[in-house]
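Take a look at the structure set out below.
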Amino acid sequence: MSVAHDGPKLLMLDRMPWWGSLTAALTLGLFSGIIVYLFVVPWQRKRIILSGPSGEKKTALCTCDKRETTAMSIISENPCSSNSDTKEVAAPKLRGNSSASPLLIVGGSNAEESQAESDKKDEEQPEVSKLFSFLQVLTAGFGSFAHGGNDVSNAIGPLIALWAIYAEGSAKQEADTPILILLYGGLGISAGLWIWGRRVIRTLGQDLARITPTTGFTIEVGAAVTVLLASKAGLPVSTTHCKVGSVVCVGWASRGGEGVSWKLFRNIAFAWLITVPVAGCLSAGCMAIFKEVLTL
């Protein structure tokens, strides 16, 4: 619906009436729903059922014929004969999502064991996690679509204004934005994600709150819908801000006050407030330098 209603002039979708856009969106949605129901749902059900209720593996420490051997095996499989002594030790488990803590818990202190038990209580059912892990791929695509439709325009807005002044002699743009400028903005935002995006991903996905497949699904859907509606309304919102709001609210709703790092959230909000005056001062300084140079 967001593409069909008042869509790009290049595809002549701007000439389509609202009822035509609604009909096209409902038809495509119904067709996609049938495909999902007939093919994707049985495939996911079969994949989850075949994987079993628990995908945990254990390390079996066995003594076969007085020779010590160590092997990775599933619980249902016994690597030793019935006469051998078998000791099952739980395999290393992941600690909660936090880049400030070790990734694996191999065993040791009581604090580590209590932390592992606490994380185990907060874990979701394996079947639910596997289902929403697949759904997160779809919602990530949805979020990327909303991100590109909104943040690229924010990034290249000043560039488009400069092009309009150069081409038309006025900042009031009458012609459509050239495709090359839009392509430049898309490549630029992709390059930024590739180079430094991992820092933002680590901050939001690990340090700010503990995210599971179900909460991640909820976060992505809520943020993408918000950004998409704002884009259709012409509001220049930030996808990152929407993601932060979704992470904080979902983390608080799922685990209470302990589900969010409020200290990190305070730093993020403080950075939001600082960037606006700093960017304004830098821009004013650059303009003052240009004026001095041009008057010489």
Please tabulate, one pair per line, all N/O donor-acceptor pairs under 3.5 Å involving side-chain atoms of residues 213-229, not counting sequence neighbours.
from: Thr214; atom 1: OG1; to: Glu124; atom 2: OE2; distance (Å): 2.0
from: Thr214; atom 1: OG1; to: Thr212; atom 2: OG1; distance (Å): 3.2
from: Thr215; atom 1: OG1; to: Thr212; atom 2: N; distance (Å): 2.7
from: Thr215; atom 1: OG1; to: Thr212; atom 2: O; distance (Å): 3.0
from: Thr215; atom 1: OG1; to: Thr212; atom 2: OG1; distance (Å): 3.0
from: Thr218; atom 1: OG1; to: Thr214; atom 2: O; distance (Å): 2.9
from: Glu220; atom 1: OE1; to: Thr139; atom 2: OG1; distance (Å): 2.3
from: Glu220; atom 1: OE1; to: Ala140; atom 2: N; distance (Å): 3.4
from: Thr226; atom 1: OG1; to: Gly222; atom 2: O; distance (Å): 2.8

Just to verify, what does Trp18 make a ring-ring contact (aromatic ring centres under 6.0 Å, His included) with, not counting sequence neighbours?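 Residues passing ring-ring contact (aromatic ring centres under 6.0 Å, His included) with Trp18: none at all.
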Those residues that, when tested against Phe134, pass ring-ring contact (aromatic ring centres under 6.0 Å, His included) (two or more places apart):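 Per chain and number, Phe134 pairs via ring-ring contact (aromatic ring centres under 6.0 Å, His included) with Trp43.
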Apart from Leu282 itself, residues in the same hydrophobic cluster as defined by side-chain heavy atoms under 4.5 Å: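 Taking Ile, Leu, Val, Met, Phe, Trp and Tyr as members, Leu282 shares its hydrophobic cluster with Phe270, Ile274, Val278.
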If the condition is side-chain hydrogen bond (donor to acceptor under 3.5 Å, both in side chains), which residues does Ser246 pass it with, not counting sequence neighbours?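 Ser246 satisfies side-chain hydrogen bond (donor to acceptor under 3.5 Å, both in side chains) with no other residue.
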Pairing residues for Gln44 by the side-chain hydrogen bond (donor to acceptor under 3.5 Å, both in side chains) criterion, not counting sequence neighbours: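 Counting only residues at least two positions away or on another chain, Gln44 forms a side-chain hydrogen bond (donor to acceptor under 3.5 Å, both in side chains) with Arg47.
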Residues, nucleotides or ligands: over 12 heavy atoms within 6.0 Å of Phe132 CZ: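 Buried by this count: over 12 neighbours within 6.0 Å.
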Ring pair (Phe, Tyr, Trp, His ring centres under 6.0 Å) contacts in which one or both residues fall within residues 273-296, not counting sequence neighbours: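 Qualifying pairs, neighbours excluded: none.
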Heavy-atom distance under 4.5 Å between the side chains of Glu127 and Ile49, does that happen here?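 A side-chain contact under 4.5 Å is absent here.
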Close side-chain approach of Arg45 and Val41, heavy atoms under 4.5 Å: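 The answer is yes; the side chains approach within 4.5 Å.
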Name every donor-acceptor pair, under 3.5 Å, that has one atom in a side chain of residues 192-201 and the other anywhere in the protein, sequence neighbours excluded.
from: Arg198; atom 1: NH1; to: Ile195; atom 2: O; distance (Å): 2.7

Measuring from atom OG1 of Thr177 to atom CG of Leu182, what distance do you get when rounded to the nearest 0.5 angstrom?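 Rounded to the nearest 0.5 Å, the OG1-CG separation comes to 5.5 Å.
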Is it possible for you to say whether Ile156 and Ile179 belong to one hydrophobic cluster, with membership spreading through side-chain heavy-atom contacts below 4.5 Å?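 Ile156 clusters together with Ile179.
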Under 3.5 Å, side-chain donor or acceptor atoms of residues 22-39 against the rest of the protein: list the pairs with distances, not counting sequence neighbours.
from: Thr23; atom 1: OG1; to: Trp19; atom 2: O; distance (Å): 2.8
from: Thr27; atom 1: OG1; to: Thr23; atom 2: O; distance (Å): 2.8
from: Ser32; atom 1: OG; to: Leu28; atom 2: O; distance (Å): 2.9

For residues 160-169, which residue pairs qualify under side chain to side chain donor-acceptor pair (under 3.5 Å), counting only residues two or more places apart or in two chains?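 Every pair satisfying side chain to side chain donor-acceptor pair (under 3.5 Å) with a residue in residues 160-169: there are none.
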Listed once per pair and sorted, the side chain to side chain donor-acceptor pair (under 3.5 Å) pairs that draw on residues 270-289, sequence neighbours left out: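 Matches after skipping sequence neighbours: His241-Trp272.
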For Val260, what residues pass the side chain to side chain contact (heavy atoms under 4.5 Å, CB included) criterion, not counting sequence neighbours?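 Expected list: Leu208, Val248, Trp252, Trp262.
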